[in-house]
2 protein chains.
Amino acid sequence: MSNLINISEAASLALHGLVLIAKNQPLRMNVKVLAEELNASQTHLAKVFQKLSKAGLVKSLRGPAGGFELNNLAEDITFLEIYEIIDGKVTLGACPFGKIHCVFQSCMFDNELNRISTDIYNTFKQIKLSDFSKKE
Amino acid sequence: MSNLINISEAASLALHGLVLIAKNQPLRMNVKVLAEELNASQTHLAKVFQKLSKAGLVKSLRGPAGGFELNNLAEDITFLEIYEIIDGKVTLGACPFGKIHCVFQSCMFDNELNRISTDIYNTFKQIKLSDFSKKE
DNA sequence: TCTATTTAGGTACTTAAATTCCGAAATAGG
DNA sequence: CCTATTTCGGAATTTAAGTACCTAAATAGA
């Protein structure tokens with residue numbers, strides 16, 4: 001079984017966790033509760049949120065009653081930004097196989113895969129945290 | 001750096017190798033030559049072609065002057081078939097994160113990701129080996 | 001029939017990414 | 001202060017993909 005679109009478990013956790021926090025504003029949430037609500041690995045979620053914290057998306061507070069809360073402008077953060085923090089920067093227009101030199105004259109996929117990558121990119125870019133905190 | 005569409009090096013080798021063989025018909029090609037032309041790992045290519053051979057896409061012949069050649073109908077093979085042999089069967093319509101139960105009422109991506117997955121799927125399905133053997 | 005060539009296929013190794021573990025640091029509350 | 005809670009961050013582990021290695025089997029050609 002294979003997934004055509006490349007989203008890591010970590011990026012999924014980041015998105016879902018952030019949505020929960022956004023919905024729960026202005027109260028903060030800690031990793032334990034988040035993991036329970038998401039039915040996810042607590043340790044993994046913790047690591048993911050360390051990255052989000054370093055990247056400035058969330059503010060972390062240690063100690064009892066600690067946890068994570070959204071930073072000021074994070075409501076309007078896009079999934080693309082979250083995705084790139086976790087899975088790495090996306091570069092469009094490159095060879096879909098990551099090659100610099102191709103054996104063939106023209107790409108076997110014409111520009112179909114670049115077209116689709118751009119589609120994914122734009123979809124990721126359209127999705128904002130604020131969309132969800134209202135939605136549910 | 002991250003690739004939005006999920007294609008393994010192995011699947012890439014399979015496709016590119018098969019195209020070379022298709023172009024070179026009716027002569028067969030061996031792993032060494034293929035690897036040189038593709039600038040790729042000989043051992044990896046060999047493993048990939050073992051899979052293709054088992055799956056019936058190519059016929060293998062051992063010994064000197066041996067190598068691989070397309071099976072009768074392989075000219076009209078689609079990239080989807082190649083992809084699934086190497087990277088595994090694709091299932092459309094499932095949760096983009098591989099979850100069975102979601103915490104949220106509606107999918108955060110609506111059906112955007114399923115739409116795109118179907119797009120990729122159909123693109124993979126349209127691409128035939130025969131398209132390339134003529135093209136170049 | 002012998003030899004060199006070439007794929008088959010099992011196992012083991014390497015590497016990178018993803019995930020987990022654990023001790024350290026911070027802090028709220030008693 | 002002291003203690004329990006919680007994040008931090010480095011280290012260790014696991015997993016998956018890719019690579020290497022080796023022996024066996026097939027076969028063309030001398």
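Below, read A as the first sequence line, B as the second, and so on, with proteins coming before strands; counting in each chain starts at 1.
- Within the 4.0 angstrom heavy-atom criterion, only backbone atoms of the sugar-phosphate kind lie near A/F68; the bases stay farther away.
- Put simply, the side chain of A/V90 reaches to within 4.5 Å of the side chain of A/E84, judged on heavy atoms.
- Using bins of under 30°, 30° to 60° and over 60° for the plane-to-plane angle, the ring pair A/F79/A/F124 lands in the perpendicular bin.
- Here D/dT6 presents its P atom at 12 Å from CG of A/L61, a figure rounded to the nearest Å.
- Nearer the 5' end of DNA chain C, as judged by each residue's closest nucleotide, is the contact made by B/K54, out of A/A65 and B/K54.
- Defining each end axis of the helix from C/dT1-D/dA30 to C/dG30-D/dC1 as the rotation carrying four pairs' C1' atoms onto the next four, with five pairs an end, the two axes are found to diverge by 10° to 10 degrees.
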Take A/K128 and A/I77, measure what side chain to side chain contact (heavy atoms under 4.5 Å, CB included) needs, and give me the verdict at the end.
CA-CA 6 Å; A/K128 295 203 192 99; A/I77 208 85; over 6 Å; no

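- At the heavy-atom level, B/A10 lies under 4.0 Å from the strands shown only through sugar-phosphate atoms.
- Which of D/dA28, D/dC8, C/dT7 sits closest to the side chain of A/R62 comes down to D/dC8.
- Note on B/S53: a side-chain N or O is less than 4.0 Å away from OP1 or OP2 of C/dA8.
- Computed from coordinates, the A/I86 CD1 to C/dT19 P distance equals 11 Å when rounded to whole Å.
- For B/Y83 and B/Y121, the ring centers sit 6.0 Å or farther from each other.
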Listed pairs, N/O of protein and of nucleotides 19-21 of chain D, under 3.5 Å:
from, atom 1, to, atom 2, distance (Å)
D/dT19, OP2, B/H44, ND1, 2.6
D/dA20, OP2, B/T43, OG1, 3.3

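- A donor-acceptor contact shorter than 3.5 Å links the side chain of A/S117 to the backbone of A/L113.
- Both B/L80 and B/L18 sit in one connected hydrophobic cluster of ILVMFWY residues. Membership requires side-chain heavy atoms under 4.5 Å apart, directly or through other members.
- B/I21 is listed as a side-chain neighbour of B/L34, based on a closest heavy-atom distance under 4.5 Å.
- For C/dA8, the OP1/OP2 oxygens have a side-chain nitrogen or oxygen of B/S60 closer than 4.0 Å.
- One can place CG of B/N3 at 15 Å from P of D/dA17, the figure rounded to the nearest angstrom.
- Atom CZ of B/F49 and atom C1' of C/dG9 are 17 Å apart (whole Å).
- The closest side-chain heavy-atom distance from A/Q126 to A/T78 is not below 4.5 Å.
- The CG atom of A/L34 sits 12 Å away from the P atom of D/dT6 (whole-angstrom rounding).
- Ring orientation note: the planes of B/H16 and A/F104 are close to parallel, at an angle under 30° on the 30°/60° scale.
- Taking atom CD of residue B/Q50 and atom P of nucleotide C/dT11, one finds them 13 Å apart after rounding to whole Å.
- The CG atom of B/L52 sits 10 Å away from the P atom of C/dA8 (whole-angstrom rounding).
- With rounding to whole Å, B/M29 atom CE is found 16 Å from C/dT7 atom C1'.
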